Chemist: 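Mind looking over this structure? Questions follow.
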Amino acid sequence: MTPMPLPGQPHVHFADGALHVEGVRVADLAQQHGTPLFVYSKASMLAALAAYQRGFAGRNAQICYAMKANSSLAVLQVFAQAGCGFDIVSGGELERVLAAGGTPARIIFSGVGKTRAEMQRALQAGIGCFNVESEAELEVLNAVALAGGHVAPVSIRVNPNVDPKTHPYISTGLKGNKFGVAHEDALRSYQRAASLAGLRVVGIDCHIGSQITEETPYLDAMDRVLDLVAQIEAAGIPLKHIDFGGGLGIDYQGDTPPAADALWHKLLAKLDARGYGQRQLMIEPGRSLVGNAGLCVTEVLYLKPGEHKSFCIVDAAMNDLPRPAMYQAFHQIVPLSPRDGATASYDVVGPVCESGDWIGRERALAVQAGDLLAVLSAGAYCMSMASNYNTRGRPAEVLVDGAQARLIRRREDAQDQMRGELLLD
Ligand code: LLP
């Protein structure tokens, strides 16, 4: 049988009636490691990265993987070994990158609420740049740097007030979002930064949102940022690099985001036309590097037919796959071994005691208890957002590379979850 690719998932395919990730039968992994289980394709991650690398060929560009999308150590290793830098948003993420062998000078630190301790640690590690998100943060970073005998490299994250046309919870570059310094205040903030002895201005940064499926918001944001670059440099403050953030969407349900190389072809043409094509460029992609590289395998526990609705109760839940509950997000759900026969419409739900605990609604499935299902496009913002709600251990994770599969995280047990807690006397 010719392998059948699923939309947006070149390394996830059916062969001989069974779902495979690269050369490995997913059902074999479920049997070996249990469910729920995250399975990732290394080739898919590297192919997604290669699209960006092609887009930037011949340019001075640094790809900083936004690790909040999936911060498992082995995933970080894949990107570190491929030469990526990292976009981090906490001290915990910094420690993970360092543990995975990331290069400190290629780390950029974003986020609106960096603590003094996080700043100190990042300065001591020698990270490449702090993306500062407010004037108050500039003052604190300056003080922390001076106290430790450092000079902190900084960019200011500017808020270009561009609508990324995505879910409001993952839209970040509009007025009224908590992120970045307003466009009209950016020059003043740069002048302040340039006057502080503990800071060294190195760049400018913006990030307008996530799961962006159109190119226009990027082109508009680029225009707005380049206008600022011109103003800031005219005021005598040179900017070494320009960071355009992340946000490129993936195909969850027939979505058609631009390909990374095609998008960058257009953006670079604009940069060239405006005379900034030779600048050092940075980007912070997360989802588009890992989202379609992963799936979550879950077992059907019970079918519960009802007059108004039928439920397919599975062993994965909102604690493992929080995106549907949080954003009404859609993830395709497919049986690992499709059955012949009539389908019925099910809400696919987990065992957590919340009505919001659903993974897919009104899905046509031919299933029986004991069947295995794959929740697709689960490489980004699933495991990294997983919780222990209902004292459920977080799933195990496997990374597939060709015909090889490696366990990269053991399933959490109850002891793991209780570690660090203290009983009363
Ligand atoms: N840079 C910054 C400063 C960010 O805040 C983010 C994502 C990224 C880069 C990476 O964006 P990406 O390329 O992954 O779109 N949990 C949500 C997504 C939250 C995105 C937060 N920031 C979801 O599951 O859809």
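Note that ligands are numbered from 1 as they come in the structure, with each ligand's atoms numbered from 1 the same way. Nothing fancy with the numbering, it's 1 onward along the sequence. Nothing here was measured: the structure is a model prediction, and the numbers come from that model.
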Chemist: May I ask you to establish whether Arg59 and Tyr52 are in a cation-pi arrangement, using a distance under 6.0 Å from NZ or CZ to the six-membered ring centre and at most 45° from the ring axis?
Modeler: no
Chemist: What orientation do Trp264 and Phe56 show, parallel under 30°, tilted 30 to 60°, or perpendicular over 60°?
Modeler: tilted
Chemist: One residue to check: Phe179. Relative to ligand 1, which of side chain, backbone, both or neither has a non-hydrogen atom less than 4.0 Å away?
Modeler: neither
Chemist: Checking contacts here: is it the side chain or the backbone of Asp87 that comes within 4.0 Å of ligand 1, counting heavy atoms only? Could be both or neither.
Modeler: side chain
Chemist: Applying a strict 4.0 Å limit to heavy atoms, is Ser288 in contact with ligand 1?
Modeler: no
Chemist: May I ask you to say whether Lys68 pairs ionically with Glu93, meaning some side-chain N is under 4.0 Å from a carboxylate O?
Modeler: no
Chemist: Is the shortest side-chain N to carboxylate O distance from Arg224 to Asp227 below 4.0 Å?
Modeler: no
Chemist: Among Arg157, Lys68, Gln211, whose heavy atom sits nearest atom 4 (C) of ligand 1?
Modeler: Lys68
Chemist: Under 3.5 Å between any N/O of Arg287 and any N/O of ligand 1: does that happen in this structure?
Modeler: yes
Chemist: Less than 3.5 Å apart, any donor N or O on the side chain of Asn70 or Ser384 sitting next to an acceptor on the other?
Modeler: no
Chemist: For ligand 1, find out whether one of its N or O atoms is nearer than 3.5 Å to an N or O atom of Pro285.
Modeler: no
Chemist: Nearest heavy atom to atom 13 (O) of ligand 1: which of Ser384, Gly247, Gly245 does it belong to?
Modeler: Gly247
Chemist: Pairing donors with acceptors under 3.5 angstrom, does anything connect the side chains of Glu362 and Ser345?
Modeler: no
Chemist: Side-chain donor-acceptor pair under 3.5 Å between Gln211 and Tyr252, yes or no?
Modeler: no
Chemist: Where on Glu284 is there a heavy atom closer than 4.0 Å to ligand 1, on the side chain, on the backbone, on both, or on neither?
Modeler: both
Chemist: Would you say Gly286 and ligand 1 have an N/O pair spaced under 3.5 Å apart?
Modeler: yes
